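For clarity, every value in this text was computed on a predicted model and none was experimentally measured. Below, read A as the first sequence line, B as the second, and so on, with proteins coming before strands; counting in each chain starts at 1.
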Amino acid sequence: MIEIEKRWQERWHKSKIFEAEPEGKKYFVTFPYPYVNCPPHIGHTYSAVRVDMVARFKRMQGYNSLFPQGWHMTGEPLMGAAKRIAAKDKEQFKIFKVAGVPDSVIPSFSDPETMARYFIGEWEKQFHKAGFAIDWRRTFFTTSLNPCYSAFVRWQFLRLRGMGLIGKGLHPVVYCPSCDSPTGSHDRLQGENATILKYTVIKFRCGEMIVPAATLRPETTYGVTNMWVNPDTEYVKARLGGETWLLSEDAFTKLKDQDYALARAGKVKGAKLVGNVCTNPVNGDEAPILPASFVKPENGTGIVMSVPSHAPYDHAALVDLKKRLDYIHLIDTPNFPQHPAVGVCEEMGIRSQDDPKLEKATNTVYRNEFHKGVMNERCGKFAGRRVSGTKEEIMNYFGNRDWAAVLYDTSEPVVCRCKTPNHVKMIRNQWFIKYSDRKWKSRALRCLSKMKIYPEEARQWFENSINNMIDKACARKSGLGTPLPWDNNWIVEPLSDSTIYMAYYIIAKYINAGLVGENNLTDEFFDHVLLDREVDVERTGLPKSMLDRIKKEFDYFYPVDLRGSGKDLVPHHLCFFIYNHVALFPEDKWPRAISVNGWVRNEGQKMSKSLGNFLPLSDVLEKFGADAFRVSILDTAEGLDDPDFRSENAMAFLRKVKRILAATDSVKDMKSYKKRTMDRWLLAMVQERIRYTTEFLEQLMNRQALQHAFHGMLGDITKYLSKIDKPDRKTMEYAMETFAKLLVPFAPHLAEEIHSKFHKTLVHNAKWPKVVKRYVDESVVVGENYLDNVAKDINHITKIIGKKPKSVKIVVASGWKYKLVSAVKSHLDRGTPFNAVMKEIMKDMRFRRKETAGVVQSLLKDPSKVPEHLLSANQEFALLNDLVFRAKVMVEHEEKSKEPKARNAMPGKPAIVVVT
RNA sequence: GCGGGGGUGCCGGAGUGGUCAAACGGGCUAGGUUGAGGGCCUAGUGGCUUAGUGCCUGCGCGUGUUCGAGUCACGUCCCCCGCACCA
């Protein structure tokens, strides 16, 4: 099969069938350019297969399909890996080795560009082998290493800024003090899933000192009974303006990086603080400082306020100290005791403050109080309010009165790959794209509402994502990329330089052909070509005819008709894609459809770094070929579900290919006959397959489409060949040719191979099959089904008897039963309530027989006994006379039959008597 | 926590109020088949029963709506994914 595939790929390449030029009606599909820091694995390519499937389908439907492909290298990972190679990091060597990079090549990866180019080569090679319908003249890669693309990004950002959609401000990030840069989740040794939490720091007073306590539950400040410090921790006294703050060493560093102008002014051991009394700023209550081991200096400020009524840790610590304080009850929650923390601790059997169950206890209390709790009269102006929805207000209220400050911290400890513990840092002067802009947002939503989303279930997700969109930091200081046009210290961040690049594919063709160069790509060029603005095109240095040509091509191919990707890109990239299009382009250039899909699994397992089970695309293509890979994954899922690649499925496909090709070859030896029932049956089935395949493909339901186009067609053809001694050449030719066409979107190489046995042309250039009305024949399909069922019943009986039958007698039901069943059926089809059907039937004079009630009752009890398509007694009789069985078959009518069993006969279910 | 998607056979999964719960694929079992490299065909694959058209069980758990529920409602448990500057 692999040789076959190679042959067709060469032929496609030679006939340039995937090179789309502006002509006719178009269909523009894109698959997000992948990040090229490793060779492709099967997970990368499922979306591409789906997009490719659509491109091919549309092409045969008469559209001029364009499927281009570029490569992404903006960001940190490439640079990071290069640095690690330069530093001879063994881990990194191993990663590349496992990915299949030859040992001799790896050291050259200390240069990120070399690495990227190597991997781009790998990707292109594999994509060629996969036979994708890509127009390779339009390929490119990102970052300043490609000045042409950088010019495009620069233009985009100047435009956005010109529209006031770029802003500047403070921004909290997880930060590594040793690397002096933000730590992305992939750069973390620990805490990959950590998020940034906003704490309220309550400023308790203790004489001249501020004793700050960080909390996520500011509402509980009203219930503080005491303060906790860790007696073994050395605390820092820090000057802040006119105040002196008491902080753990970690907290000192954190706050400094969060824009607090702190100055070191002394130290004090936690134990020394015990016994002092603080004042609660919100209500003036006194709170003595007590020691507790659960207080971790690296969390929050290193000082904790104690709310024993609502915080299990605090209660447990007090119990440990054998200290009795008056607990303050603040929040009423249904089904909770007065002091929920006490109740939960007792219920869970928590004995000390070091009990790991406390984490869960805290969670339980918090969850319930947050959602169901109402604050009581102790909570000042917030009395009577629910906890949920009030938190933000409380924080602001406290902040405004200088009772509290803000501290950002990670939800779990984060350690950088350089092994340094990280914390949250406030970045000053961070550049933002203002995705929260209300007007912009509503335009994005309007675009969404006009788009097709495949599958529809994902629409809600898009809508929520856009609704919740906040400003996005769009630049960073390290990594590869395009510099911000107005501030070269910053590089446009990877998700932000990848939002409208589909337009660049049009231009890339001209750049790759050497017709347009870096110097021509001025802002005027893009303004003119992409936005149709009146600008001084002289400055592009290009002849008007060339500009017109490019512009015409852009106007022809744009907008994007379909963008297909994995579901992981919904909340950012795909939304940014919509956002940037609606900001920059007029409405007729807004994208038309997005499709999202699941992630490929490998032999039933999710592929992950930890499992190390990424299956390289090259392995699969080498072992099974492109079609087997495509069919295997397209066959296991659609919509948002995860497909599963299993080699046994790929093998099963290859086995079938053999059979199919053999059947194809056999057609030339067949003779023509007058059409028989089975001929008409096959022709009719093919029409159904065409209809369903087309319908499902239109909805991008690859699995169901494939079921008809491949499994269905194959099953029908197999059945035809097995049931007919002398297959008809014309019928088979038609079936095989149609089969080939229907297979193009799924198994394009196999499709060509089949097609080539009948034609010299490419099947890719054939028209998508349409239903041929004169072949549609419901009755022959129903009849065949009927015979199948009868045959099954006979089999069942002979199996039970356990003897070989000498002959079989089949009795078709009496005529009155047909009338009766037909009447019942029409009642049911009309939706007559079940209990009314019996009455109606019994009223009907035609059915005055003693058996009627029993028959109707059994039909109503199990409506599945009513056949979907009711044949007449004579039709059944005629069909049964054609029944082929390994013993002699006799058919008779119930009216004339002497068999006692004959009375069991029902329409669609004849009585069967097996004679042994 | 918020948001999205789910829980059906040995497995992947069809099935969105009534024609078959398990289509289609894979696996497994049995029988047949000169059958060249991980073959083909046929039948079977919840339980019981029986010369088939029967009965029971069954779609995470519970309750309800209905003549009828995997399918609708309410409650509950569990799983997966995203939550942002990270590809």
Side-chain angles (χ1 to χ4, degrees), chain A residues 34-35 37 72 74-78 171 173-174 182-187 192-193 195-196 363 366-367 370-371 388 430 432-433 435 457-458 460-462 464-465 467-476 493-496 498 567-573 598-599 601 604 606 632 635-637 639-644 646-649 651-655 658-659 703-704 706-708 710-712 715 718 722 792-802 825 828-829 831 833-837 858 860 862-869 901 904-906 908-914 916:
Chain A
Y35 197 78
N37 64 339
H72 197 208
T74 309
E76 264 292 323
L78 259 164
H171 183 61
V173 294
V174 177
T183 316
S185 50
H186 57 282
D187 283 326
E192 220 179 306
N193 298 318
T195 52
I196 295 176
N363 231 314
Y366 179 63
R367 205 174 45 223
F370 183 80
H371 291 289
S388 64
Q430 171 69 52
F432 286 98
I433 304 183
Y435 289 132
E457 296 100 277
Q460 191 62 48
W461 193 4
F462 274 100
N464 293 340
S465 300
N467 273 321
N468 299 328
M469 195 69 77
I470 58 174
D471 292 348
K472 154 130 188 102
C474 62
R476 54 181 305 152
E493 162 284 334
L495 285 168
S496 301
S498 311
K567 55 189 172 185
D568 45 327
L569 298 190
V570 171
H572 37 82
H573 167 73
W599 298 326
R601 285 176 301 180
K606 206 179 137 175
S632 304
D635 200 21
T636 52
L640 293 169
D641 294 332
D642 296 336
D644 186 10
R646 285 169 189 261
S647 46
E648 59 200 17
N649 289 9
M651 278 313 299
F653 172 80
L654 290 179
R655 269 181 250 136
K658 251 191 227 165
R659 263 201 293 152
R703 176 210 267 273
Q704 291 182 77
L706 186 60
Q707 208 164 103
H708 289 283
F710 183 64
H711 301 300
T718 307
S722 73
K792 237 181 224 172
D793 284 339
I794 300 176
N795 271 328
H796 195 171
I797 297 166
T798 51
K799 199 186 163 200
I800 289 166
I801 301 170
K825 182 171 160 54
L828 294 180
D829 289 348
F834 274 41
N835 25 16
V837 174
S858 80
L860 291 179
D862 182 0
S864 71
K865 284 179 197 156
V866 181
E868 187 172 3
H869 299 279
K901 280 211 159 275
N904 290 341
M906 284 293 287
K909 269 288 187 195
I912 295 162
V913 183
V914 175
T916 52

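No hydrogens or angles were tested; on distance alone, nothing pairs the side chain of A:His708 with the base of B:A23 as donor and acceptor under 3.5 Å.
Closest to the side chain of A:Arg703, from the set B:G37, B:G38, B:C24, is B:C24. The nucleotide whose nearest atom lies closest to any side-chain atom of A:His572 is, among B:A84, B:C81, B:A87, B:A87. Ranking B:C24, B:C86, B:C81 by closeness to the A:Trp599 side chain, first place goes to B:C81. Between B:A23, B:G82, B:A87, one nucleotide has an atom nearer to the side chain of A:Gln707 than all others, and that is B:A23. Comparing B:A84, B:G15, B:C41 against the side chain of A:Ile470 picks out B:A84 as the nearest.
Searching all strands for a Watson-Crick or G-U wobble partner of B:A30 with both distances below 3.5 Å returns B:U42. When Watson-Crick and G-U wobble pairs are counted only if both distances are under 3.5 Å, B:C61 pairs with B:G75. If you check B:G82 for Watson-Crick or wobble pairing at under 3.5 angstrom, you find it paired to B:C2.
If you measure from atom CG of A:Asn37 to atom P of B:A87, you get 10 Å, rounded to the nearest angstrom. A straight line from CD of A:Gln704 to C1' of B:G13 spans 11 Å, rounded to a whole angstrom. Rounded to whole angstrom, the span from the CG atom of A:Asn467 across to the P atom of B:C83 amounts to 18 Å. Taking atom CG of residue A:Asp644 and atom C1' of nucleotide B:A14, one finds them 16 Å apart after rounding to whole Å. Per the geometry, CG belonging to A:Leu706 stands 14 Å off C1' belonging to B:G13, to the nearest Å. Following rounding to the nearest Å, A:His573 (NE2) and B:G82 (C1') show an atom-to-atom distance of 16 Å. Between the CZ atom of A:Arg659 and the C1' atom of B:G39 there is a distance of 10 Å, rounded to whole Å. Atom-to-atom, CD1 of A:Ile433 to C1' of B:A84 comes out at 12 Å; the value is rounded to the nearest Å.
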Could you list, one pair per line, each protein nitrogen or oxygen that sits under 3.5 Å from a nitrogen or oxygen of nucleotides 26-31 of chain B, together with the distance?
residue, atom, partner, partner atom, Å
B:G26, OP1, A:Lys656, NZ, 3.1
B:G26, O2', A:Glu648, OE2, 2.6

Name the pairs: protein N/O against N/O of nucleotides 3-10 of chain B, kept only if under 3.5 Å.
residue, atom, partner, partner atom, Å
B:G3, O3', A:Asn464, ND2, 3.1
B:G3, O2', A:Asn464, ND2, 3.1

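Remark: A:Phe462 engages no residue in a ring-ring contact (aromatic ring centres under 6.0 Å, His included) (not counting sequence neighbours). Under the side chain to side chain donor-acceptor pair (under 3.5 Å) criterion, A:Ser498 pairs with A:Tyr33, A:His72, not counting sequence neighbours. Scanning for side chain to side chain donor-acceptor pair (under 3.5 Å) contacts around A:Gln707 gives an empty result, with sequence neighbours left out. Annotation: side chain to side chain donor-acceptor pair (under 3.5 Å) contacts of A:Asp568 (sequence neighbours excluded): A:Trp599. In this structure A:His573 satisfies the ring-ring contact (aromatic ring centres under 6.0 Å, His included) test with no other residue, sequence neighbours excluded. A:Asp471 meets the salt bridge (Lys or Arg N to Asp or Glu O under 4.0 Å) test with no other residue; sequence neighbours excluded. Applying the side-chain contact (heavy atoms from CB on, under 4.5 Å) criterion to A:Arg646, with sequence neighbours excluded, gives A:Glu603, A:Asp644, A:Glu648, A:Asn649.
Taking atom P in both B:C61 and B:U71, one finds a spacing of 11 Å when rounded to whole Å. Rounded to whole Å, the separation between the C1' atoms of B:G17 and B:G70 comes to 11 Å. Taking atom C1' in both B:G25 and B:U33, the straight-line distance is 24 Å, to the nearest Å. Annotation: B:A84 and B:C78 have their C1' atoms spaced 28 Å apart (nearest Å). Between B:A22 and B:C10, the two C1' atoms lie 13 Å apart (nearest whole Å). For the C1' atom pair drawn from B:U50 and B:G64, the interatomic distance equals 38 Å after rounding to whole Å.
Here the straight-line distance linking atom CD of A:Glu76 with atom CD of A:Glu493 works out to 11.5 Å at 0.5 Å rounding. The distance from the CZ atom of A:Arg476 to the CD atom of A:Gln430 is 9.5 Å, given to the nearest 0.5 Å. The distance from atom CG of A:Leu654 to atom OG of A:Ser647, rounded to the nearest 0.5 Å, is 11.0 Å.
Counting non-hydrogen atoms under 4.0 angstrom, A:Asp471 reaches a base of the nucleic acid. Heavy atoms of A:Pro643 sit nowhere under 4.0 angstrom from any nucleic acid atom.
When side chains are defined from C-beta on, A:Thr636 does not count as touching A:Arg601, because their heavy atoms never get closer than 4.5 Å.
Shown here, B:G9 is classed syn by the O4'-C1'-N9-C4 or O4'-C1'-N1-C2 angle, which is within 90° of 0.
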